[in-house]
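One structure below.
A quick note: this is a predicted structure, and the numbers were derived from the prediction, not measured. Counting begins at 1 with the first residue of the sequence.
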Amino acid sequence: MLLAMDVGNTNITIGVHSGAEWIGTFRMTTKTPRTSDEYGLFLLALLNSKKIEVTDIDGVIISSVVPNIMYSLNNGVRKYIRLEPMIVGPGIKTGISIHTDDPREVGADRIVDAAGGFYEYGGPLLVIDFGTATTYDFVSEKGVFEVAVTSPGIKITANALWQKAAKLPEIEIKKPSSILARNTIDSMQAGLVYGYIGQVEYIVKKMKEELKQPDMKVVATGGLARVMQGETDVIDVYDSILTFKGLKYIYDRNRGK
C-alpha cells in the first residue's frame, strides 16, 4: 500500500492506496506545531481507524510547500512507518516539463496537480486548485507546465472581510439562495461566492483567450472546489483526489512501475 501526503499551508491531506483504489483519506491541520512522535502516532491512529496495519504500507510519498515542518514529519514517518519517504522535489521524475522563467519557483503542489491532471485527462489542460491560494496552472498537450496564475483563496478573502470590518461576523462560506440579500450574512455570502465565481470565470476566459486554447479542459480540485462545483460552466471536471492521483503517478514513475 502507498501512503501519500500533501502538506499545504492550511492542511495536510493524507491518502492510502491499496494498489487498486484509494481506501482512506484524512486531513489534519498544518499550522499546529508537532514533534516527530506526534506526527508518527497520529499517522498510526489514522491507519488504525481504517484497520490498516503499518506493515501493509510499503511506500510513502510526500509533497510539501511548508519546509519548516518537514524535519519532524519525515522523522515521524521513518520512526513509526519505518520507511524512507519519497519527497517531491529536485531529482524526482514527474513526467512534467516546467518551462517558466524560474522553474525552481513552482511549488511541489502545483507540479503534483499538473502531473495528476495530465496523466488522468491529457492536455491541453488547466488545473484550478482551490486551496489557501487558488492556483490556475496550464499544461500543454505535450505535458509542459507553461504558465500559471495565483490569486488569494476564497477563505483568505473571507478572513480579510471579517477581520478588517469590526461589525462583520465570521460566516460559513456557501452560496446564498439569491444574490439579492436582505441581511448581513446573506450579503457577505453573496459577495464572497458570486464575486469569486466571477473571478474564476474571467481568469479562465482570459487564459483560454491568450493561450489560444478555447477548448482546453478545465479541472478543479482542492478543499474549497466543492463551493464552486456546479456554480459555473467553465469547470469541466471536479476531481477531489487529483493531488493523490498525481502523487501515486509520480511514485510509480520513480519506482519503475
Side-chain angles (χ1 to χ4, degrees), residues 1-94 104 106-116 119 129-133 135 153 155 221-226 239-257:
M1 292 186 181
L2 176 66
L3 177 64
M5 290 185 275
D6 178 51
V7 181
N9 289 296
T10 303
N11 292 303
I12 301 172
T13 52
I14 303 164
V16 179
H17 197 274
S18 68
E21 61 181 346
W22 293 98
I23 59 175
T25 59
F26 315 94
R27 187 178 295 264
M28 63 191 293
T29 58
T30 303
K31 292 183 179 179
T32 302
R34 293 184 175 91
T35 66
S36 59
D37 289 320
E38 288 172 318
Y39 279 120
L41 291 169
F42 193 86
L43 289 171
L44 291 183
L46 292 179
L47 295 175
N48 184 61
S49 72
K50 292 291 184 179
K51 295 181 170 55
I52 300 169
E53 298 292 335
V54 69
T55 52
D56 293 332
I57 303 297
D58 54 23
V60 180
I61 183 168
I62 302 175
S63 165
S64 175
V65 295
V66 189
N68 63 358
I69 77 162
M70 292 304 293
Y71 181 81
S72 293
L73 179 59
N74 287 340
N75 283 336
V77 171
R78 294 183 185 110
K79 184 175 180 179
Y80 289 88
I81 309 299
R82 302 189 186 108
L83 293 170
E84 183 66 28
M86 179 186 296
I87 309 299
V88 179
I92 294 294
K93 300 174 185 176
T94 65
R104 294 170 298 180
V106 180
D109 55 338
R110 302 178 85 145
I111 296 170
V112 168
D113 280 348
Y119 174 73
D129 192 332
F130 293 91
T132 304
T135 56
K155 189 64 179 292
T221 192
L224 293 170
R226 64 183 180 276
D239 191 332
S240 63
I241 60 169
L242 183 68
T243 301
F244 289 145
K245 290 177 179 178
L247 285 167
K248 185 177 186 303
Y249 171 69
I250 292 170
Y251 181 84
D252 289 347
R253 186 180 180 89
N254 283 269
R255 286 288 183 257
K257 295 183 179 180

Quick check for you: to the nearest 0.5 Å, what is the distance between Ile241 atom CD1 and Leu247 atom CG? 11.0 Å
By side chain to side chain contact (heavy atoms under 4.5 Å, CB included) - contacts of Asn48 (at least two apart): none
Counting only heavy atoms not in Tyr249, do more than 12 fall under 6.0 Å of its OH? yes
Donor-acceptor pair, Ser36 side chain versus Ser72 backbone, under 3.5 Å? no
Closest heavy-atom pair, Ala108 versus Ser64, reported as atoms and distance to 0.1 Å, is CB-O, 3.9 Å
Please table the atom pairs, donor to acceptor, closer than 3.5 Å between any side-chain atom in residues 77-92 and protein atoms at least two apart or in another chain.
unit_1: Arg78; atom_1: NE; unit_2: Glu84; atom_2: OE1; d: 2.9
unit_1: Arg78; atom_1: NE; unit_2: Glu84; atom_2: OE2; d: 3.2
unit_1: Arg78; atom_1: NH1; unit_2: Asn75; atom_2: OD1; d: 2.8
unit_1: Arg78; atom_1: NH2; unit_2: Glu84; atom_2: OE2; d: 3.0
unit_1: Lys79; atom_1: NZ; unit_2: Asp37; atom_2: OD1; d: 2.7
unit_1: Tyr80; atom_1: OH; unit_2: Asp37; atom_2: OD1; d: 2.7

Between atom CE of Met28 and atom CD1 of Ile14, what is the distance when rounded to the nearest 0.5 Å? 5.5 Å
Applied to residues 3-52, the ring-ring contact (aromatic ring centres under 6.0 Å, His included) test, sequence neighbours excluded, yields His17-Trp22, Trp22-Phe244
For a quick check under 3.5 Å, do Thr243 and Asp113 share a side-chain donor-acceptor pair by atom type? yes
Is Asn254 reaching over with its side chain to a backbone N or O of Lys93, donor-acceptor style, under 3.5 angstrom? yes
Minimal heavy-atom distance between Met5 and Val60, with the atoms involved, is CE-CG1, 3.9 Å
Heavy-atom closest contact (Asp58 atom, Leu2 atom, distance): OD1-N, 4.3 Å
When rounded to the nearest 0.5 Å, the distance separating CG of Asp129 from CG of Asp6 is 8.0 Å
Just how far is it from atom OG1 of Thr10 to atom NZ of Lys155, taken to the nearest 0.5 Å? 7.5 Å
Measure across Ser18 and Ile23 and return the closest heavy-atom pair with its distance rounded to 0.1 Å. CB-CG2, 3.8 Å
Residue pair Ser63 / Asp109: nearest heavy atoms and the distance that separates them: OG-N, 3.6 Å
Looking at side-chain heavy atoms only, is the closest gap between Thr29 and Asn11 below 4.5 Å? yes
For a side chain to side chain contact (heavy atoms under 4.5 Å, CB included) check, start with the C-alpha distance between Thr25 and Thr13, then their side-chain angles and the critical distance, and finish with the verdict. CA-CA 7 Å; Thr25 59; Thr13 52; over 6 Å; no
Would Leu43 and Val54 count as a side chain to side chain contact (heavy atoms under 4.5 Å, CB included) if you check the C-alpha gap in whole Å, the side-chain angles of each, and the deciding distance to 0.1 Å? CA-CA 9 Å; Leu43 289 171; Val54 69; over 6 Å; no
Would you compute the distance between atom CZ of Arg34 and atom CD1 of Ile12 and round it to the nearest 0.5 angstrom? 6.5 Å
Taking every non-hydrogen atom, the tightest pair across Glu38 and Thr35: OE1-N, 2.7 Å
Kindly say whether Asp239 contributes a backbone atom to a donor-acceptor pair with the side chain of Thr221 at under 3.5 angstrom? yes
Drop me the distance from Glu53's CD to Met1's CE, to the nearest 0.5 angstrom. 10.0 Å
